Every structure is written in C-alpha cells, then in structure tokens.
Amino acid sequence: MLNFGADQARNVPISRVGPDCFPAVRGPRLAVSDKFLFRPNQAAFDRADQCGPSIRSASLHRRAFMASKINSSLVPETGIADPARRDFLKAAAALTAGATLGSTGRAWAAADKKIRIGYISPKTGPFAPFAEADDFILDQVRKSLAGGLSVGGSKYEVEIIARDDQSSPDRQSNLAAELINKENIDLMLAQVSIGPGVSQQCELNGVPCISTMGPWQAWMFPMKGDPAKGFKNVFHFFWGIEDIAAVYLDIWKDADTNKVVGSVFSNDVPGNAMGDLKLGMPGAFAKAGYKIIDIGRFPVGADDFSTHIQAFKKEGVEIVTGLFNPPEWATFLNQSAQMGFKPKVCTIAKALLFPGGVAALGPRAEGMSTEIWWLPSYPFRSSLTGQTATELAAAYQAATKREWTQPIGVAHALFEAGVQALKASGDPKSPNKLVEGLRKLKTDTVIGNLDFGASGIANVSKIRVVGGQWHVEDGGKPHLYITSNSTAPEIKAERKLELLKS
C-alpha cells in the first residue's frame, strides 16, 4: 500500500526511469527490471501542490522558509552544508559554553558524550495509525539504551527527542529544522508517509537521516533524486511500487480464474501512480498476461461504485484490485453484493492494512487478500531488545491492550537501523563518519535484513514484502495468513490462497 491521505488530486502523469540511469537490481528477491520500475515525473509532484500536501512537502513557499533556516555551517559559495564545518561549529559552541560556565572542559565533555537522536512521526492527524505504537516503541528503545551506547571505545548517553508532525508536511519540515538548529541532533529518524520534508531539511543541513514508512519513489523523486546517484546525507528503507505489483502477481499465480482483472484506483497522487495503465501496477499485470478492465479513477471519498461494478460484470471480471480507503472499500463490497457481482479474488491495497479496519467489515472480510510488510509470524529478531517478531507483537498487545499493526515492526526497525549506524560510525559525533557507516550498513532487524548497498537504488534498502489473505476466525476475529512468498522465500507461507465464496 501507499501511505498517503485523501488528497483531492487530479490525474497526474508518470514516467519510467530507463536502464541507463538505473542499473538492474541483483538477487532474486530484489530483482527489478525496467518494466517494473515506476517513477512519477517532476510534473506529478509539482501538480500535487494544487491537490494537497501529501506528496509535495517542499512547495516553493516552504523552500523559502527552509532556506532562511539553514544554519551558519553552509559554505557561502555553494549554499550546501559542510559537515566538517558543522563539527567545528559544534565544538566551538561547546568550548564557549564551558568557558562561560567557568568550568573548563565540563560543557564540552557533556556535549561530546551525549548522542541526540531526533524522531518525527504522525502521532496525531489522518496518518496517526502509522505511529500508533510510538509510545510503546520509544519506551522499549529508551530502556535498551538506558545504560548508554558504546561506540569506538567510548560510552555515550543517548537522548531521543520525539516530535509529532500532526500529519502535516509543513509542520514536519518545520520540526526537522527545529531539531537540527535548536536541539543540535546528531542523527534524524523519521516516518515520511506524508512526504520527505524531514529528509529535505537534513540533506540541506548536512545531518544524517534514516526514514521509512513510504515507497522509495515517493521519498526520492520529490527531492529530485536519481536512483543511480542518491543523496549525500539521507537514507531510506521500505518497498517500491514494483514490489507490490510483483506480490500481487504472486498471490494470483495459482488461482483458478479467467485472468480478467478489474482495476479500481483512487484519483489522487498514489492512486494515479499505482493505477497507471502503462507504467503502474495494471501495466505490470497486462505484461504478465492478464486482461485489464479499467474505466477510470474514482474520487477520494466516493460512495457510489455502481458504474465500475456494472462494467466488471459485463466484462466477466474475476479479480478485483485497487487502492481504497477502508470506508470506500466497505461501500464497494456492499454495492457489489446488491448488484450480484461476485469476483473470485479481491486483492486490495491500503484498506486491508490494519486489523481494526478489516474487523469492521465483519464476515465480508473473509478471503480478502493484500500485501504484507510485517507480521508477528515473521522469522526475525530485534537487534535492540532480542525479541522475536512474535514476542514484540505480544508485548505491544499486553502493554496497550490493542491489536498489533504492520507498522510496529517497521518503526521498531527504524531505531534498530539508527543504533547500528551509530555503532558502525566509530564516532557518532561526526556526520561524515555516520554517513559513511550508513552507506555500508548491513544489519538484521525484526523485519529482516537491511542493506543499503544491495538494492541497486542509491541510499535505499528494500524491505521484504509477501502476500497474504484474511480469514475470519471463530468469534469473528480476522487473522492475516501468509499465502505467497516467492518474493521472500525465507518467510514461510502459512496457507494457500482460497477463492472467495460465491
């Protein structure tokens, strides 16, 4: 699924990165040919300014603000932050503070032996479900680092400064500037489901940053990045649109259907990117031998899908796929039942991500399929707490009395990656050494191995994605089972896909 809100977007064209600027990705799990690589062009993100802030987190008016906030570590001739000069300024400030306090060396030692990590996420607002586990995760991480962190023979106190961007791209960017310029953080961690404003600020200011919770395309291309070159200071881990297309094909490969697919995507930036008939997911499905029936996008918040359903009935559609918000998908299911439309497979992005949203469908959730990017059954262990995925989910449920959600594993892995990057740097107070360590970082986490040098996309580590199907257990509780794992064989399949009951 793509992690964006209900922006009132227009149709936005997308274009593909050619093989000349994106080398083929090596390895069976991460193999990406040019036909499975999707890149929305710059016009897509420029037009997103007209549609709402979900993607274009750095519109022109905020760029002016950002420019005004860049600190004095910028090199005058280039306007680009010099990490070495930033180190010098930090040291000079600490020495000055020490002299002012009248205790030579004390203030410098305190500053030098404390690592400050900034963390920005949408704890409130429309994207709050993605940060629902933040308090639990932060509590675990802080406890694991309570005794300090040993790096390069020295022990450092670790302070995590968390901020809520309230699901606002403007606030996200402003908070990043505040953490950089006022809190003087050494490393930034961020959820960027609403756009890459945090990463943009860090790139400008020479601050190492790791982000997640958004497709790599939606992180890289708004910042005008090149997959072959990447960036100087910022890194990202998640999946790409091409990965979800591959997972859906894996889900359907053994299903007894006529291979006629009804394509229903929302008319917003993510819907237009994912649903493009040539370069989006339907294009990949068509190349795999499926017939695509698509009569156009639906407006965000739509409450009438009768035109789509009628067309699908007429064309004999047996597989339905698309991008929906949970209320929209509930409406589609209701109207399908009323109109006698009974597909054999429904594989839907976004609407089927959270157990709570699926439970709201009641018995109709039975047999719905979707992508999976973390489950309690994943065979991985946290490098911070030592917990297995199962133990992490159980601890969350015991502490909060709420159901696990897929973002728990990814948010936890973000802190795992941050801590491992600090250790690998040898000197966590040096931005240059931190960045150097990140470029080479390979680490096992509760969502699997992260490797920023192996994806074939500069500054990006791919995460594992598999396919799954919801089944309603006794008592009406839905459970998500892994059914398709060709994209990540190390994750065990639990059941075979079952066709929807007619």
Side-chain angles (χ1 to χ4, degrees), residues 3-5 53-59 62-63 65-66 68-71 81 86 90 111 114-145 157-214 219 222-223 233-238 384 400 407-408 410-419 421-422 428 431 434:
N3 302 334
F4 302 105
S54 71
I55 283 285
R56 190 61 162 182
S57 62
S59 56
R62 190 160 75 258
R63 287 178 184 170
F65 169 82
M66 288 162 60
S68 71
K69 299 294 288 184
I70 297 175
N71 62 31
R86 186 169 177 268
K90 289 167 72 174
K114 175 182 278 191
I115 298 170
R116 292 177 174 83
I117 301 174
Y119 175 58
I120 298 177
S121 66
K123 281 199 67 178
T124 58
F127 289 86
F130 294 98
E132 180 180 299
D134 270 10
D135 289 341
F136 167 79
I137 292 170
L138 284 167
D139 182 62
Q140 280 204 324
V141 174
R142 284 172 174 143
K143 286 179 179 177
S144 71
L145 298 173
E157 177 187 353
V158 179
E159 179 184 10
I160 300 173
I161 308 169
R163 296 288 185 266
D164 173 18
D165 63 29
Q166 300 176 5
S167 301
S168 165
D170 287 317
R171 179 174 169 82
Q172 180 198 72
S173 185
N174 294 346
L175 286 173
E178 177 185 302
L179 288 173
I180 292 167
N181 297 313
K182 293 183 178 180
E183 300 292 346
N184 208 24
I185 60 169
D186 301 293
L187 173 67
M188 182 78 81
L189 305 177
Q191 293 190 28
V192 293
S193 53
I194 58 174
V198 173
S199 299
Q200 288 169 321
Q201 285 281 13
C202 289
E203 183 71 0
L204 285 169
N205 283 279
V207 176
C209 174
I210 311 172
S211 60
T212 190
M213 220 71 82
W219 170 79
M223 296 192 291
N233 303 297
V234 297
F235 299 79
H236 186 76
F237 69 89
F238 209 61
L384 275 178
T400 66
I408 293 173
V410 177
H412 185 94
L414 178 61
F415 285 93
E416 291 186 75
V419 170
L422 290 166
L434 245 178

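Just so it is clear, the values below take in all heavy atoms, side chains as well, and ignore hydrogens, waters and symmetry mates. Every value quoted in this text rests on a predicted model; they were computed, and no experiment measured them.
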**OP:** Just jot down the side-chain hydrogen bond (donor to acceptor under 3.5 Å, both in side chains) partners of Thr212, sequence neighbours excluded, or say none.
**Re:** none
Original post:
Which residues pass the side-chain contact (heavy atoms from CB on, under 4.5 Å) test with Gln166, sequence neighbours left out?
Top reply: Thr124, Asp164, Arg171
**OP:** Quick one: pull up CD1 in Ile160 and CG in Leu138 and give me the separation to the nearest 0.5 Å.
**Re:** 6.0 Å
Original post:
Roughly how far apart are Ile120 CD1 and Asn174 CG, rounded to 0.5 Å?
Top reply: 9.5 Å
**OP:** Output, in order, the C-alpha distance, side-chain angles, deciding distance and verdict of side chain to side chain contact (heavy atoms under 4.5 Å, CB included) for Ile185 and Leu187.
**Re:** CA-CA 6 Å; Ile185 60 169; Leu187 173 67; over 6 Å; no
**OP:** Keeping to residues at least two apart or across chains, list the salt bridge (Lys or Arg N to Asp or Glu O under 4.0 Å) pairs with something in residues 124-133.
**Re:** Glu132-Arg402
Original post:
Do Leu434 and Leu422 touch side chain to side chain, with heavy atoms closer than 4.5 Å?
Top reply: yes
**OP:** Name all residues meeting the ring-ring contact (aromatic ring centres under 6.0 Å, His included) criterion together with His236; count only those two or more places apart in sequence or in a different chain, and write none if there are none.
**Re:** Trp219
**OP:** Measure the NZ-CD1 distance between Lys182 and Ile161 for me, rounded to the nearest 0.5 Å.
**Re:** 12.5 Å
Subject >> Test side-chain contact (heavy atoms from CB on, under 4.5 Å) applied to Gln191 - qualifying residues, sequence neighbours left out >> reply: Tyr119, Ser121, Pro122, Phe130, Ala131, Asp134, Met213, Ala411
Subject >> Nearest-0.5 Å distance, CD of residue Gln200 to CD of residue Gln172 >> reply: 8.5 Å
**OP:** Determine whether Gln140 and His412 make a side-chain contact, defined as any pair of heavy atoms from C-beta on separated by less than 4.5 Å.
**Re:** yes
Subject >> Any Pro428 side-chain heavy atom under 4.5 Å of Asp186 side chain >> reply: no
**OP:** Identify, with sequence neighbours excluded, every residue that meets side-chain contact (heavy atoms from CB on, under 4.5 Å) alongside Ala133.
**Re:** Ile137, Tyr396, Ile408
Original post:
Do Met188 and Ile210 have side chains that get closer than 4.5 Å, going by heavy atoms?
Top reply: no
Original post:
Is any side-chain heavy atom of Val198 closer than 4.5 Å to a side-chain heavy atom of Cys209?
Top reply: yes
Original post:
salt bridge (charged side-chain N to carboxylate O under 4.0 Å, His left out) with Glu159: which residues, sequence neighbours excluded?
Top reply: Lys114, Arg116
**OP:** Please name the pair of heavy atoms, one in Ala417 and one in Phe237, separated by the smallest distance, quoted to 0.1 Å.
**Re:** CB-CE2, 4.5 Å
Original post:
Do Asn233 and Val207 come within less than 4.5 Å of each other through their side chains, counting heavy atoms only?
Top reply: no
Subject >> Distance-minimising heavy-atom pair for Gly197 and Ser173 >> reply: O-OG, 4.2 Å
Original post:
Would you call Val141 and Leu384 a side-chain contact if the rule is heavy atoms closer than 4.5 Å?
Top reply: yes
**OP:** Grab the two heavy atoms, one from Pro222 and one from Pro196, that are nearest each other, plus how far apart they are.
**Re:** CB-CG, 3.9 Å
Subject >> Atom pair CD/OG of Glu416 and Ser144 - distance to nearest 0.5 Å >> reply: 9.5 Å
**OP:** For Ile180 and Cys202, run side chain to side chain contact (heavy atoms under 4.5 Å, CB included): C-alpha distance rounded to whole Å, both residues' side-chain angles, the deciding distance at 0.1 Å, then the answer.
**Re:** CA-CA 8 Å; Ile180 292 167; Cys202 289; 4.1 Å; yes
**OP:** Indicate yes or no for a side-chain donor-acceptor contact from Asn181 to the backbone of Ala177 under 3.5 Å, with no hydrogens or angles considered.
**Re:** yes
**OP:** Drop me the distance from Asp165's CG to Ser193's OG, to the nearest 0.5 angstrom.
**Re:** 7.5 Å
Subject >> Pro169 to Ile194 - nearest heavy-atom pair and separation >> reply: N-CD1, 3.6 Å
